[in-house]
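Sequence lines set the chain letters: A, B, ... in the order given, protein chains first and strands last, and positions in each chain run from 1. Keep in mind the model is a prediction, meaning the values are calculated, not measured.
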Amino acid sequence: MTDNIGIARVFSDIRDLLEIKGANPFKIRAYRNAADIVGHMAESIADLTDADIRSIPGIGKDLAAKIRELVDTEALVYFDELRQEFPASILDMLRLQGVGPKTAEILYAELGIETLEELESDATEGRLRQLKGMGAKKEELLLRSLAEHRTRVGRHLIGRADAIATRLTEHLRTAAPDVTIFPIGSLRRGCETCGDIDLLAVGATDALMSHFVRFPDVERVLGQGRTKSSVLLRGGVQVDLRVVASESAGAAAQYFTGSKAHNIAVRDLALQRGLKLNEYGLFRVADGEYVAGASEADVYAALGLAYVPPELRKHRGEIEAAANGNLPRLIERSDLRGDLHSHTTATDGKADVETMATAARAAGLEYLAVTDHSQALAMANGLDERRALDHAKRIREVSSTLEGITLLAGIECDIRADGTLDLADDCLTELDLVVASVHSAFGQDEHQMTDRLLRAIESPMVDIIGHPTGRLLLRRAPYKLKLEPVFDAAARTGVAMEINSQIHHLDLSDSHARLARERGVKLVISTDAHAPTAFNLLRWGVTTARRAWAEPGDVLNTLPLDAFRASLRRHRVDE
DNA sequence: GCCGTTTTCGGCCCGACTGTTTTCAGTCG
């Protein structure tokens, strides 16, 4: 309850309740902002001193005291008192499309509606239309929202959102081949999950909007106008399309890409310079004169900022860096020379060594570590010492026959519950590289899991920790784990931390990877490929690394093969 | 509730779409 996510949820609920109460909107914003800050911090806020907490921008005296109370008592008197004023389920209603704080308040105050079930029956029986501002259409909308609420998962993995955006963009291009169309919003920022998909079309016509709402997967048109239309696709994904004129293209892209926190800060900066920024452009406040807007770079430049890559737009120091010329040279997909985590038919992969190697080469890679599972993963037909060594021999034979790519004989070795490795050292030492991963006993407490990883890191056999927190996006939370000591041990021993590029992993996460970097840990970006098509997933690992401010020098598999080998823990001489 | 080389008070980012209220409030992003 008092981890960062729990505290963020409390602040978020307070925000919603204050909205229903009609409190001071800037107080509401302060809570929303605090929920965002705490929810995205990599460090555990419970471990920070009062002074540290107080020094976080956006956390003042009052919120710092509330955080302290939550950490120390696992409760918050203010929150409990606020909750007393409303039925517990009123917050559920806010999650419905078309229900905001005013509507939720009226439904409760006027009709005594406390639950979604009561809302459904009152709407079905036509009792809502007697309320001010409500009519038959609003009732219909709420009934649809209720039905959709039950089926919608809410958020979508970035890979899925990207695939949908690509198909939809192709659909739009058939009607308007010359119009520039690209994703904005969370998808463009590379967020690991997207709540909806936003697209921007530059210089499009009304005909494009009509074509948009006729996309075959559209289940329902939520709204259609000249500049904005929204549709709900089968499967529960909402897509918004916005249309702007070309002189506003950059301003609109900047505006709708967000994040909200980044935009507020940028607009604040504009105001300090006597300028006003909206989706149409950057204008002088004094006379309304247009200053910039055709490209994002123009907008940032007019504000004295270097162009800020979308992945960095989180209001986590990027604006200061852009002002001072200190933005990182972010890693790109083309910087990667190798992939360090892959599987074959020897265990649970779908293709043999040759096929995987050829696919990796076709993806532009110069080396590939084949790292099949170890024996503990019996259901994956994991390798024991004997099979592991035979497999290594086979991998090296295949490698010697291939041009243009080198194979490394590795293993993804299980870290057992007690932190020991699943294969004997005299086997592991024969291999080129060892990725050590947790695949069992996920339920250990924080102390056990932290010690388990620390022990693995201390083993001289281990080069890389695979998917270090074990999370599965939208499915499973990370293990309970203290990352700071793990990162510090990794930095000291030269063990690299993986960013796993599978879209349900993306583990390390962006904020964890940033924390790792800041503590001196080297990263690797790997696919965990189980099939030859998987090498294109590297882009998502790169996106995550970019959101972690990673430069090529932070990531070991940007190195040429010889330098990469020398950088591995097993070959380091400075321990 | 936060914040401060104009400030410890008085500011705090902005616009489109919908439905129903014929001039605008609510929701959303």
Where does the angle between the aromatic ring planes of A:Phe283 and A:Tyr290 fall among parallel (under 30°), tilted (30 to 60°) and perpendicular (over 60°)?
perpendicular

What orientation do A:His171 and A:His211 show, parallel under 30°, tilted 30 to 60°, or perpendicular over 60°? parallel

Euclidean distance, atom [atom1] of residue [X] to atom [atom2] of [N] [Å, nearest integer]:
{"X": "A:Phe26", "N": "B:dC12", "atom1": "CZ", "atom2": "C1'", "value": "5 Å"}
{"X": "A:Ile28", "N": "B:dG26", "atom1": "CD1", "atom2": "P", "value": "13 Å"}
{"X": "A:Glu105", "N": "B:dT27", "atom1": "CD", "atom2": "P", "value": "10 Å"}
{"X": "A:Asp198", "N": "B:dC28", "atom1": "CG", "atom2": "P", "value": "15 Å"}
{"X": "A:Arg32", "N": "B:dG1", "atom1": "CZ", "atom2": "P", "value": "16 Å"}
{"X": "A:Asp240", "N": "B:dT18", "atom1": "CG", "atom2": "P", "value": "12 Å"}
{"X": "A:Lys102", "N": "B:dG26", "atom1": "NZ", "atom2": "C1'", "value": "9 Å"}
{"X": "A:Ile184", "N": "B:dG15", "atom1": "CD1", "atom2": "C1'", "value": "14 Å"}

request  = Would you tell me whether A:Thr257 and A:Arg188 have side-chain atoms, one donor and one acceptor, within less than 3.5 Å of each other?
outcome  = yes

key: Any donor-acceptor N or O pair under 3.5 Å, side chains A:Tyr280, A:Glu247   = no

Rounding to an integer number of angstrom, what distance separates [N] and [M] when you compare their [atom1] atoms?
{"N": "B:dC2", "M": "B:dT8", "atom1": "C1'", "result": "12 Å"}
{"N": "B:dT5", "M": "B:dG1", "atom1": "P", "result": "23 Å"}
{"N": "B:dG10", "M": "B:dA16", "atom1": "C1'", "result": "30 Å"}
{"N": "B:dT20", "M": "B:dT27", "atom1": "P", "result": "13 Å"}
{"N": "B:dT7", "M": "B:dG11", "atom1": "C1'", "result": "9 Å"}

Side-chain N,O ([X]) to OP1/OP2 ([N]) below 4.0 Å:
{"X": "A:Thr227", "N": "B:dC17", "value": "yes"}
{"X": "A:Lys66", "N": "B:dG1", "value": "yes"}
{"X": "A:Tyr255", "N": "B:dA16", "value": "no"}
{"X": "A:Ser229", "N": "B:dC17", "value": "no"}

chi for B:dT20 classified (syn = within 90 degrees of 0, anti otherwise) as anti

Contacts of A:Tyr78 and A:Leu141 projected onto DNA chain B by closest heavy atom; the upstream (5') one is A:Tyr78

Assign each of A:Leu94 and A:Leu271 the nucleotide of DNA chain B bearing its closest heavy atom; nearer the 5' end lies the nucleotide of A:Leu271

Residues in salt bridge (charged side-chain N to carboxylate O under 4.0 Å, His left out) with [X], at least two apart?
{"X": "A:Glu289", "value": "none"}
{"X": "A:Asp268", "value": "none"}
{"X": "A:Glu518", "value": "A:Arg514"}

Just compare [options] and give me whichever is closest to any side-chain atom of [X].
{"X": "A:Glu279", "options": "B:dC12, B:dA16, B:dG1", "answer": "B:dA16"}
{"X": "A:Lys228", "options": "B:dG1, B:dC17, B:dC14", "answer": "B:dC17"}
{"X": "A:Thr103", "options": "B:dG15, B:dT27, B:dG29", "answer": "B:dT27"}
{"X": "A:Gln238", "options": "B:dT20, B:dA16, B:dG29", "answer": "B:dG29"}
{"X": "A:Arg242", "options": "B:dC12, B:dG29, B:dC14", "answer": "B:dG29"}

task = Classify the side chain of A:Asn24 versus the base of B:dG1 as yes if they form a donor-acceptor pair under 3.5 Å and no if they do not.
result = yes

Heavy atoms only, 4.0 Å cut-off, all strands: where does [X] land among base, sugar-phosphate and nothing?
{"X": "A:Val266", "result": "nothing"}
{"X": "A:Pro101", "result": "sugar-phosphate"}
{"X": "A:Arg226", "result": "sugar-phosphate"}
{"X": "A:Ala136", "result": "sugar-phosphate"}
{"X": "A:Lys276", "result": "sugar-phosphate"}
{"X": "A:Leu96", "result": "sugar-phosphate"}

Can you give the donor-acceptor pairs under 3.5 Å from side chains of residues 6-16 of chain A to other protein atoms, not counting sequence neighbours?
from: A:Asp16; atom 1: OD2; to: A:Arg95; atom 2: NH1; distance (Å): 3.3

Checking N1-N3 plus N6-O4 or O6-N4 for Watson-Crick, or N1-O2 and O6-N3 for wobble, each under 3.5 Å, the partner of B:dT8 is none

Considering only nitrogen or oxygen atoms on both sides, find all protein atoms under 3.5 Å from nucleotides 2-6 of chain B and state each distance.
from: B:dC2; atom 1: OP1; to: A:Gly60; atom 2: N; distance (Å): 2.6
from: B:dC2; atom 1: OP1; to: A:Gly60; atom 2: O; distance (Å): 3.3
from: B:dC2; atom 1: OP1; to: A:Leu63; atom 2: N; distance (Å): 3.1
from: B:dC3; atom 1: OP1; to: A:Gly58; atom 2: N; distance (Å): 2.7

| message | Tell me if the aromatic rings of A:His467 and A:His505 count as close, with their centers under 6.0 Å from one another. | response | yes

So ring-ring contact (aromatic ring centres under 6.0 Å, His included) across residues 48-68 of chain A, not counting sequence neighbours, yields none

